[in-house]
Amino acid sequence: MLPLQTIRERAEALAIALDKRGLDARPLLSRALGLDQERRNLQTRLDQTLAEANRLSKEIGVLFKSGKGEEAQALREESARLKEVAKELQDQLGTAAEALQETLYLLPNIPHASVRPGQSEADNEVVFESGEIPKLPEGAQPHWELAKQYDLIDFELGVKITGAGFPVYKGKGARLQRALISYFLDCNTAAGYQELQVPHLVNEASGYGTGQLPDKEGQMYQVPEDGLYLIPTAEVPVTNLLRDVILDRSELPVKYTAYSPCFRREAGSYGAHVRGLNRLHQFDKVEIVRVEEPENSYAALEAMVEHVKGILDALRLPYRILRLCGGDLGFTSALTYDFEVYSTAQERWLEVSSVSNFEAFQANRLKLRYRDAGNKPQLAHTLNGSALALPRILAGILENYQDAEGIRIPEVLVPYTGFDRIG
RNA sequence: GGAGGAAUGGCAGAGUGGUCGAUUGCGGCAGUCUUGAAAACUGUUGAGGGUAACACCUCCGGGGGUUCGAAUCCCUCUUCCUCCGCCA
């Protein structure tokens with residue numbers, strides 16, 4: 001949610017920036033400003049009424065104590081009248097505030113200056129490429145074939161016990177999965193991120209805090225009996241740890257990392273591109289989250305990008321980095337870099353990480369603040385990224401590391417797997 | 001799941017109908033003293049709205065109610081503690 005203050009101060013600049021998303025926000029912005037004005041007018045009138053009522057109450061107390069019952073009685077009637085007025089104003093205020101809130105929820109974050117206008121992922125900008133795309137042996141297989149051949153992942157078993165998109169990892173496949181989680185967590189903690197284990201179900205307030213609610217409710221699995229949601233990413237519980245918190249400046253930056261399974265309904269996706277590990281309803285991910293002072297947040301974003309690069313370099317996977325265009329940018333993000341690993345056998349790029357700066361957009365909903373140099377509470381900036389998402393990394397390793405005899409294990413993972421090849 | 005008790009400012013902990021946004025202690029910040037520090041002493045120290053700045057309004061776990069007036073009384077929900085039951 002955009003801070004109202006920002007909208008008041010530079011609505012037109014915001015509208016121009018939002019054009020890059022292909023959205024004409026002017027009607028929404030002017031509606032927000034109108035509702036804000038209305039809300040403030042009502043608030044002022046309500047405050048005045050309440051101030052008068054408070055004054056009367058004190059007077060009545062004094063009159064009673066000095067035995068002037070009759071005068072008090074007259075004031076009580078006046079007070080009752082004020083109460084009626086206050087109630088009416090209160091209702092109107094509630095309506096205006098709610099309408100304002102709903103309007104603000106519809107406004108996405110402002111794209112950063114470096115974000116290019118664009119319609120879709122086709123307009124994303126490749127800003128970095130690394131690694132060589134390996135020449136695969138004769139008869140190279142896509143990862144779902146390899147997974148079957150070496151009995152690493154059983155997709156059918158997952159269908160049996162749960163449904164499509166819930167694979168069962170077996171033997172060396174399961175071990176490789178666990179190795180990746182441990183390796184990623186070790187990389188992240190070595191870079192100063194504090195490791196956390198967090199709940200995998202969250203309440204409604206947390207869903208609103210990070211912006212999954214109200215608009216993306218259909219993408220989350222729900223437990224209505226208890227009013228809970230299965231997390232679509234560890235970002236939700238981790239970032240919400242700091243909901244309604246005012247941090248001291250000395251506590252910044254906050255750097256967290258957490259492994260979690262992620263649950264996504266992926267309503268509406270289908271087709272050839274969802275085969276194997278490409279798109280799942282449950283997958284594993286190691287997330288990194290940072291909270292920064294506004295002036296540091298873009299330096300922090302670059303640091304996160306460098307960190308993720310380091311992990312992919314160590315795994316020796318061919319990858320590229322995209323700067324998302326306005327049309328592909330997430331609702332809550334101001335600037336996002338996507339990392340994609342090349343799937344040799346499928347001959348396509350697979351997204352394995354998305355690193356974003358949300359500036360104050362999430363913090364505004366979360367009421368996540370810090371005390372600035374003047375000791376005044378200010379909204380902090382939040383950032384997060386995957387470091388990394390497991391399934392497509394696994395797919396990339398299986399496909400890129402296959403040779404005539406089987407699959408090699410990336411060197412850095414061998415201490416974690418305990419074996420150096422499959423097959 | 002059953003029975004009791006509790007929820008107040010960063011923390012501890014007063015406050016049972018009116019002048020209480022809230023005594024006090026600790027912690028934090030500033031000052032006095034000191035070569036410096038500590039100790040001692042003095043002052044200051046919640047959040048949001050609102051204002052040019054004041055004024056003013058709201059908030060004592062959440063929601064609702066009684067009353068001219070609620071931290072204080074009533075209802076309800078949530079959470080925590082104690083006891084019992086069940087259990088990885």
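What you see is a predicted model, and the numbers here were worked out from it, not measured in a lab. Just so we're on the same page: letters track the sequence lines, and every chain starts at 1.
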> Has the side chain of A:Asp47 got a donor or acceptor atom sitting under 3.5 Å from an opposite partner on the base of B:rG49?
Replying inline: yes
>> My understanding is that a pair needs two contacts under 3.5 Å, Watson-Crick or G-U wobble. By that rule, which nucleotide pairs with B:rG85?
In response: none
>> Work out how far the C1' atom of B:rU8 is from that of B:rG4, and round it to whole angstrom.
In response: 22 Å
> Parallel under 30°, tilted from 30 to 60°, perpendicular over 60°: which one fits the rings of A:His307 and A:Tyr193?
Replying inline: tilted
> Paired with B:rA52: which nucleotide, if any, by Watson-Crick or G-U wobble criteria at under 3.5 Å for both distances?
Replying inline: none
> Between A:Asn54 and B:rU58, does any side-chain N or O lie under 4.0 Å from OP1 or OP2?
Replying inline: yes
> With a 4.5 Å limit on heavy-atom distance, are the side chains of A:Leu2 and A:Asn364 in contact?
Replying inline: no
> Between B:rC56 atom P and A:Leu89 atom CG, what is the distance in whole Å?
Replying inline: 20 Å
>> In this structure, how many angstroms lie between the C1' atom of B:rG50 and the CG atom of A:Leu50, rounded?
In response: 13 Å
> Partner of B:rG46 by Watson-Crick or G-U wobble geometry, both contacts under 3.5 Å, or none?
Replying inline: B:rC59
>> Closer than 3.5 angstrom, by distance alone: can the side chain of A:Arg392 be matched with the main-chain N or O of A:Asn278 as a donor-acceptor pair?
In response: yes
> Of all the choices, B:rG49, B:rU67, B:rA47, which nucleotide is nearest to the side chain of A:Pro377 once you look at every atom?
Replying inline: B:rA47
>> Without decimals, in angstroms, what is the distance between A:Gln90 CD and B:rC57 C1'?
In response: 11 Å
> What nucleotide, of B:rA47, B:rG50, B:rC57, holds the atom closest to the side chain of A:Arg8?
Replying inline: B:rG50
>> Both A:Asn375 and A:Leu46 contact RNA chain B. Which one's nearest nucleotide lies toward the 5' end?
In response: A:Asn375
> In whole Å, what separates the C1' atom of B:rC84 from that of B:rG15?
Replying inline: 34 Å
>> Both distances below 3.5 Å, Watson-Crick or wobble geometry, any strand: find the nucleotide opposite B:rG10.
In response: B:rC26
> Distance between the C1' atoms of B:rA71 and B:rU16, in whole angstroms?
Replying inline: 10 Å
> Does A:Arg369 make a side-chain N or O approach to OP1 or OP2 of B:rG48 shorter than 4.0 Å?
Replying inline: yes
> Does B:rA40 have a Watson-Crick or wobble mate here (both distances under 3.5 Å), and if so which one?
Replying inline: B:rU32
>> When you measure from the side-chain N and O atoms of A:Lys83 to the phosphate of B:rG69, is any distance below 4.0 Å, counting only OP1 and OP2?
In response: yes
>> Nearest whole Å is fine: how far is B:rG50 P from A:Gln43 CD?
In response: 8 Å
> Which value, in whole Å, describes the distance between the C1' atoms of nucleotides B:rU42 and B:rG10?
Replying inline: 23 Å
> Taking for each residue the nucleotide of RNA chain B bearing the nearest heavy atom, is the 5' side occupied by A:Gln5 or by A:Ala51?
Replying inline: A:Gln5
> How far does the C1' atom of B:rC20 sit from the matching atom of B:rC60, given to the nearest Å?
Replying inline: 10 Å
>> From C-beta outward on A:Ser57, which listed nucleotide comes closest to its side chain: B:rA47, B:rG18, B:rC57?
In response: B:rG18
> Counting any heavy atom closer than 4.0 Å, what does A:Arg39 reach on the DNA or RNA strands: base, sugar-phosphate only, or nothing?
Replying inline: sugar-phosphate
>> Using atom P in both nucleotides, what's the gap between B:rC54 and B:rU45 to the nearest angstrom?
In response: 14 Å
>> Give me the distance, rounded to whole Å, that separates B:rU24 from B:rG46 when you measure between the P atoms they each carry.
In response: 13 Å
> What's the CZ-C1' distance between A:Arg45 and B:rU58, to the nearest Å?
Replying inline: 18 Å
> Taking any strand in view, what nucleotide pairs with B:rU16 in a Watson-Crick or G-U wobble way, both distances under 3.5 Å?
Replying inline: none
> Parallel under 30°, tilted from 30 to 60°, perpendicular over 60°: which one fits the rings of A:Tyr208 and A:Tyr105?
Replying inline: tilted
> When the distance from NZ of A:Lys367 to P of B:rA47 is rounded to whole Å, what number comes out?
Replying inline: 15 Å
>> Less than 4.0 angstrom from a charged side-chain N to a carboxylate O is my criterion; do A:Arg8 and A:Asp36 meet it?
In response: yes
>> Between P on B:rU79 and CG on A:Asn203, what's the gap in Å once rounded to a whole number?
In response: 10 Å
> Hey, does the side chain of A:Arg371 come within less than 4.0 Å of B:rA47's phosphate (OP1/OP2), counting only N and O?
Replying inline: yes
> When the P atoms of B:rA22 and B:rU58 are considered, how many whole Å apart are they?
Replying inline: 13 Å
> Rounding to a whole Å, what distance do you find between A:Leu379:CG and B:rG48:C1'?
Replying inline: 12 Å
>> Let's go through A:His381 and A:Tyr298 carefully: what are the C-alpha distance in whole Å and the side-chain angles of both, what is the deciding distance for ring-ring contact (aromatic ring centres under 6.0 Å, His included) to 0.1 Å, and is it a yes or a no?
In response: CA-CA 10 Å; A:His381 281 193; A:Tyr298 280 95; 7.3 Å; no
>> If you define the side chain from C-beta out and look only at heavy atoms, does anything of A:Met304 sit under 4.5 Å from A:Ile288?
In response: yes
